[in-house]
*Asks:* 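The structure under discussion is supplied below as structure tokens; questions concerning it will follow.
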Amino acid sequence: MHRAAPKSDIDESELTVTAPKTEAAGVKAVTVALERAVEEMGVVRTARTLARVNQRHGFDCPGCAWPEPTGRRRPAEFCENGAKAVAEEATLRTVTPEFFAAHSIDELAGKSGYWLGQQGRLTHPMVLREGDTHYTPIAWDDAYRLIAEQLKALDSPDEAVFYTSGRTANETAFLYQLLVRSFGTNNLPDCSNMCHESSGTALTSSIGIGKGSVTIDDFTSADLIIVAGQNPGTNHPRMLSALGDAKAHGAKIIAVNPLPETGLLGFKDPQTVKGLTGGVSIADDFLQIRLGGDMALFQGLGKLLFDAEDRAPGTVVDRAFVDAHTASFAEYEKHMRAVDLTVVERATGLSRDDLERTARLLAESKAVIICWAMGLTQQVHGVATIEEATNLLLLRGMIGKPGAGVCPVRGHSNVQGDRTMGIWEKMPETFLAALDREFGITSPREHGFDTVNAIRAMRDGRGKVFFGMGGNFVSATPDTEVTEAALRNCELTVQVSTKLNRSHVVHGRTALILPTLGRTDEDTQNGVRQQVSVEDSMSMVHLSTGRLTPVSDELRSEVAIVCELAQQLFGPDHSVPWAELQRDYDKIRDAIAQVVPGCADYNAKVRGRNGFQLPHPPRDAREFRTATGKANFAVNDLHWLPVPEGRLILQTLRSHDQYNTTIYGLDDRYRGIHNGRRVVLVNPQDITALGFAEDDLVDVISEFGDGTERRVTGFRLVGYSTPRGNAAAYYPETNPLIPLDHVALRSNTPVSKAVTIRLEPHVHTA
Ligand SMILES: Nc1nc2c(c(=O)[nH]1)N[C@H]1C(S)=C(S)[C@@H](COP(=O)(O)OP(=O)(O)OC[C@H]3O[C@@H](n4cnc5c(=O)[nH]c(N)nc54)[C@H](O)[C@@H]3O)O[C@H]1N2
Ligand SMILES: Nc1nc2c(c(=O)[nH]1)N[C@H]1C(S)=C(S)[C@@H](COP(=O)(O)OP(=O)(O)OC[C@H]3O[C@@H](n4cnc5c(=O)[nH]c(N)nc54)[C@H](O)[C@@H]3O)O[C@H]1N2
Ligand SMILES: [Mo]
């Protein structure tokens, strides 16, 4: 029925390039997704599974964190990449002990991440002991004992690192951080450190809470929506429906992006019959900005808003809001009035007319939302850039009213919830005190390692045990060579995973693979089907229930793995009732209700029709819990990215056919790249100016301020619409180019969207 796993690996010589698509979604999206799903799951499982995505009593889509429309869930909010995410997880292909017996670790290390992931679901706990050539099966209890022994043998709990990826449900996340803090460390790096950390840092400083202030319903009352540094057509396809609805209600939409992303510029809604025929352009205006130019854009707009206020006093600055709710307005005003618009033009690559047109819309609109994702966060000045976007909204009184606010669009389906539940290397004292009170433990107070600092620690021998609760640490992090050496430097690496990935084949002296249930799988404890809960990008919490029969009896839930390991580690007399919590997830939610702010009565509220919304003081009451008690205008010196002579600035991004390090297929349909991934998209004029021709094979060399260089080889040059001096290539193939120390100020996020590179002809070595 379903297709066998691909036997051969990627052959980049088969790569073809066609013109980028001008329309996203539509019928093609439905066909592609269904074909993939049927290949992986067969017809019956496909029908049963896709009918339950994001439905009441169904499961939360493991795709992205975009919320479901409230009240009126569509029969099935169809989303191509959501369907691919589900198919990827619910596949019937399996990676069994026989598979590991047939493939040595050296052989697996030579395969691409694509090949590894496509082999199927992991079925048994496996171990690789020092000197072994192959992973072999291990009993669960022996695996727990091995981990506990290694952890207890450390000189300090701070020599262990506990990573989390954002698919982990609230119940697991809460227990996992409890285990880690009971053990005695705050070393809880997560994928968010590489993702929206800059958003959290900026928003906490500006408005007192690191989360977005809008709800899905605000989209239909907004009259201006700016989407900056985000490619929703690929990464949040359901957001296009919300933007389409907003447009139908009269909102204007502005896309700010170096690339003319198909989803923003042309969209065929697969939900409506209309979508089957004509498409609409989602964006009313497209500002093709230079990489790293957004801080300049927001400052330039600030300046122009003050100019507009001068022309018509009392119409642009929301005085009442500014006076009642904000601090440092005078400093901000002074700073903005001094902004030099000719510098802004150079920094952004935009014209004076672009800037004035946008400022006019901002000044006239009654309700404005600014959305953003990785194009803003993964920049050296990402935090300041997001503060500048927030400044504009504060100036216009656009926080805490219908149709207006800040909207960081989260990636992983529960990355926001994981943070709420305590997955953070620097949780505040109030949380730790509540945790200690509830469980009779003493949480450490010293901050732990974030992702970049965890790599540094393992590299330097200060981190000796790595435990990954999901994710693919080796491929997702920057400076691949350094990170791989850091992992190999560990005594023990443990990966709790659903699918095979590179983090299983780049390993410590001893390595464990612990196979776990996914979102779609039925989770039964003590004979009773369990549910978990997640929080979306707009602070809505709801239940998720998997119903598929797991592909193997040996899979354990993430909750079970945490509880069973904890009992092994802490013994039977620990003050946390691990066995009881594992037996009934309601008990975990009762504990969450006692510890996590806003979660009182969790079990009852999460069972409500649409779940429940966590409190957000600026959104709910224009209350700003900052040190000043007000929303803070931030004053930042302007930074942007001039392109050094003969060089380019590279951004690393996602194709339409991948989920982070999971490669679904080799078809970046919207951008016209097929059957391969090693491409660099460059402005055709730059290709000529640098002495190359389209289709040339090149090596890409990154140059860092400390004089070090990094190289990846054999990339195809593709002429593409991007500003002069800017280039784009796929993640994770280009992660070796990103220096570990190339991080965003204040958030320590790897700068994946601005790497200085040069190109050299690729010399074939036979
Ligand atoms: N199908 C699918 N869905 C996903 C994911 C996936 O891999 N596949 N990943 C999930 C995760 S974890 C995340 S975080 C999100 C990521 O969602 P996105 O942030 O949309 O992901 P990227 O592919 O990194 O795209 C970054 C976008 O920002 C633009 N950009 C880059 N630099 C700049 C800049 O300096 N200024 C401006 N204005 N724009 C810039 C790029 O051209 C691109 O359009 O998606 C989530 N959803
Ligand atoms: N160059 C560059 N690097 C980047 C980025 C970029 O834009 N450019 N983006 C960054 C961002 S935004 C993010 S969020 C990170 C992503 O970093 P990660 O979250 O670490 O990476 P993923 O590729 O999402 O992880 C995929 C693996 O998760 C496992 N998995 C899937 N579902 C489950 C589950 O339910 N439970 C468990 N236990 N495991 C599961 C599977 O084994 C799969 O192989 O990458 C970052 N790295
Ligand atoms: Mo992310």
Side-chain angles (χ1 to χ4, degrees), residues 62 89 94-97 99-100 105 108 116-117 119-129 132 134-151 160-169 171-173 175-180 183 188 190-191 418 423 465-474 487 490-519 521 523-525 530 532 546 550-570 578 582 661-662:
E89 178 178 301
T94 51
V95 170
T96 59
F99 171 93
F100 285 106
I105 193 78
L108 295 176
L116 293 174
Q119 301 310 306
R121 285 288 294 272
L122 294 157
T123 61
H124 287 72
M126 305 294 294
V127 66
L128 186 76
R129 294 200 166 83
D132 283 359
H134 294 69
Y135 272 100
T136 53
I138 182 171
W140 278 101
D141 283 344
D142 293 336
Y144 296 135
R145 211 165 298 128
L146 197 163
I147 301 168
E149 276 166 16
Q150 288 274 359
L151 287 174
V161 167
F162 296 88
Y163 176 70
T164 317
S165 166
R167 279 202 192 176
T168 298
E171 288 73 8
T172 318
L175 291 186
Y176 183 53
Q177 61 85 33
L178 177 62
L179 176 143
V180 172
F183 176 61
L188 283 158
D190 67 348
C191 69
D418 288 349
I423 302 291
V465 172
F466 176 93
F467 191 104
M469 181 55 80
N472 180 3
F473 192 81
V474 165
L487 268 286
C490 288
E491 291 297 330
L492 172 70
T493 50
V494 183
Q495 307 288 347
V496 179
S497 309
T498 53
K499 309 264 308 253
L500 195 59
N501 65 45
R502 195 155 169 86
S503 297
H504 304 120
V505 299
V506 177
H507 54 82
R509 236 172 302 284
T510 304
L512 282 168
I513 299 176
L514 305 181
T516 191
L517 299 173
R519 212 47 87 57
D521 295 316
D523 178 359
T524 311
Q525 305 292 334
Q530 304 292 327
V532 293
V551 291
S552 149
D553 293 340
E554 282 290 310
L555 303 190
R556 300 222 173 150
S557 75
E558 293 179 334
V559 165
I561 293 170
V562 171
C563 292
E564 289 164 3
L565 173 60
Q567 290 171 78
Q568 188 60 243
L569 185 60
F570 304 126
W578 295 104
Q582 176 182 342
T661 70
T662 298

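Nothing here was measured: the structure is a model prediction, and the numbers come from that model.
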*Asks:* Return the CG to CZ distance between Leu565 and Arg556, rounded to the nearest 0.5 Å.
*Replies:*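 Going from CG on Leu565 over to CZ on Arg556, the span is 12.0 Å.
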*Asks:* Which atom names give the shortest non-hydrogen contact between Arg121 and Thr516, and what distance separates them?
*Replies:* NH2-O, 3.1 Å
*Asks:* Where do Val127 and Pro137 come nearest, in terms of heavy atoms and distance?
*Replies:* CG1-O, 4.4 Å
*Asks:* Can you list everything that forms a side-chain contact (heavy atoms from CB on, under 4.5 Å) with Ala511? Sequence neighbours excluded, please.
*Replies:* Leu128, Tyr135, Thr493, His507
*Asks:* Which residues pass the salt bridge (Lys or Arg N to Asp or Glu O under 4.0 Å) test with Asp142, sequence neighbours left out?
*Replies:* Arg145
*Asks:* Hey, is the main chain of Thr136 close enough, under 3.5 Å, to the side chain of Arg129 for a donor-acceptor pair?
*Replies:* no
*Asks:* When rounded to the nearest 0.5 angstrom, what is the spacing between CG in Leu514 and CE in Met469?
*Replies:* 8.5 Å
*Asks:* Is there a side-chain contact between Leu492 and Leu146, using heavy atoms and a 4.5 Å cut-off?
*Replies:* yes
*Asks:* Whether the side chain of Thr498 engages the backbone of Gly518 through a donor-acceptor N/O pair (distance < 3.5 Å, no angle test) should be reported.
*Replies:*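 A pair under 3.5 Å: no.
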*Asks:* If the condition is side chain to side chain donor-acceptor pair (under 3.5 Å), which residues does Thr661 pass it with, not counting sequence neighbours?
*Replies:* Asn472
*Asks:* Not counting sequence neighbours, which residues clear ring-ring contact (aromatic ring centres under 6.0 Å, His included) with Tyr163? List them please.
*Replies:*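 Listed in chain order: Phe473.
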*Asks:* Begin from the C-alpha positions of Gln530 and Glu171 and carry the test side-chain contact (heavy atoms from CB on, under 4.5 Å) through to its verdict.
*Replies:* CA-CA 11 Å; Gln530 304 292 327; Glu171 288 73 8; over 6 Å; no
*Asks:* Rounded to the nearest 0.5 Å, what separates atom CD1 in Ile513 from atom CG in Leu500?
*Replies:* 6.0 Å
*Asks:* With sequence neighbours excluded, tell me which residues meet side chain to side chain donor-acceptor pair (under 3.5 Å) with Arg519.
*Replies:* Asp60, Ser413
*Asks:* Quick check: closest heavy atoms across Leu116 and Leu108, and the distance to 0.1 Å?
*Replies:*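 Closest approach of Leu116 to Leu108: CD2-O, 3.9 Å.
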*Asks:* So, Trp140 side chain and Glu554 main chain: donor-acceptor pair closer than 3.5 Å or not?
*Replies:* yes
*Asks:* Might you point out which heavy atoms bring Leu175 and Cys563 nearest each other, and give the distance in Å?
*Replies:*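 Shortest heavy-atom contact: CD1-SG, 3.6 Å.
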*Asks:* Checking Glu558 now: which residues fulfil salt bridge (Lys or Arg N to Asp or Glu O under 4.0 Å) with it, not counting sequence neighbours?
*Replies:* none
*Asks:* Side-chain contact test, heavy atoms from C-beta onward, threshold under 4.5 Å: evaluate it for Thr168 versus Tyr176 and give yes or no.
*Replies:* no
*Asks:* When you compare the side chain of Val95 with that of Phe100, does any pair of heavy atoms fall below 4.5 Å?
*Replies:* yes
*Asks:* Check Leu512 against Ala143 and note the closest heavy-atom contact, atom names and distance.
*Replies:* CD1-O, 3.9 Å
*Asks:* Sequence neighbours excluded, which residues qualify as ring-ring contact (aromatic ring centres under 6.0 Å, His included) partners of Phe183?
*Replies:* none
*Asks:* Using modelled atom types only, decide if a donor and an acceptor are shared between the side chain of Lys499 and the backbone of Gly117 within a distance under 3.5 Å.
*Replies:*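 Here the side-chain-to-backbone pair exists.
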*Asks:* What pairs with Thr96 under side-chain contact (heavy atoms from CB on, under 4.5 Å), at least two apart in sequence or on another chain?
*Replies:*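 Checked Thr96 against side-chain contact (heavy atoms from CB on, under 4.5 Å); matches are Thr94, Glu98, Phe99, Thr123.
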*Asks:* Suppose we screen for side chain to side chain donor-acceptor pair (under 3.5 Å). Which residues come up paired with Ser165, at least two apart in sequence or across chains?
*Replies:* His412
*Asks:* Who pairs with Ser497 by side-chain contact (heavy atoms from CB on, under 4.5 Å), at least two apart in sequence or on another chain?
*Replies:* Leu122, Gln495, His504
*Asks:* Would you compute the distance between atom CZ of Phe570 and atom CG of Leu179 and round it to the nearest 0.5 angstrom?
*Replies:* 4.5 Å
*Asks:* Ser557: which residues meet the side-chain contact (heavy atoms from CB on, under 4.5 Å) condition with it, sequence neighbours left out?
*Replies:*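 Leu517, Asp523, Gln525, Val559, Ala560, Tyr585.
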*Asks:* First locate atom CE of Met126, then atom CG of Asp132, and finally report the distance between them rounded to the nearest 0.5 Å.
*Replies:* 10.5 Å
*Asks:* Among residues at least two apart in sequence or on other chains, which ones pass side chain to side chain donor-acceptor pair (under 3.5 Å) with Glu491?
*Replies:*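 With neighbours one apart ignored, the set is Arg509.
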*Asks:* Between Ala173 and Ile423, what is the shortest heavy-atom contact and its length?
*Replies:* O-CD1, 3.6 Å
*Asks:* Just one of Leu188, Val562, Asp418, Thr164 clears the side chain to side chain contact (heavy atoms under 4.5 Å, CB included) bar with Gln177, so which one?
*Replies:* Leu188
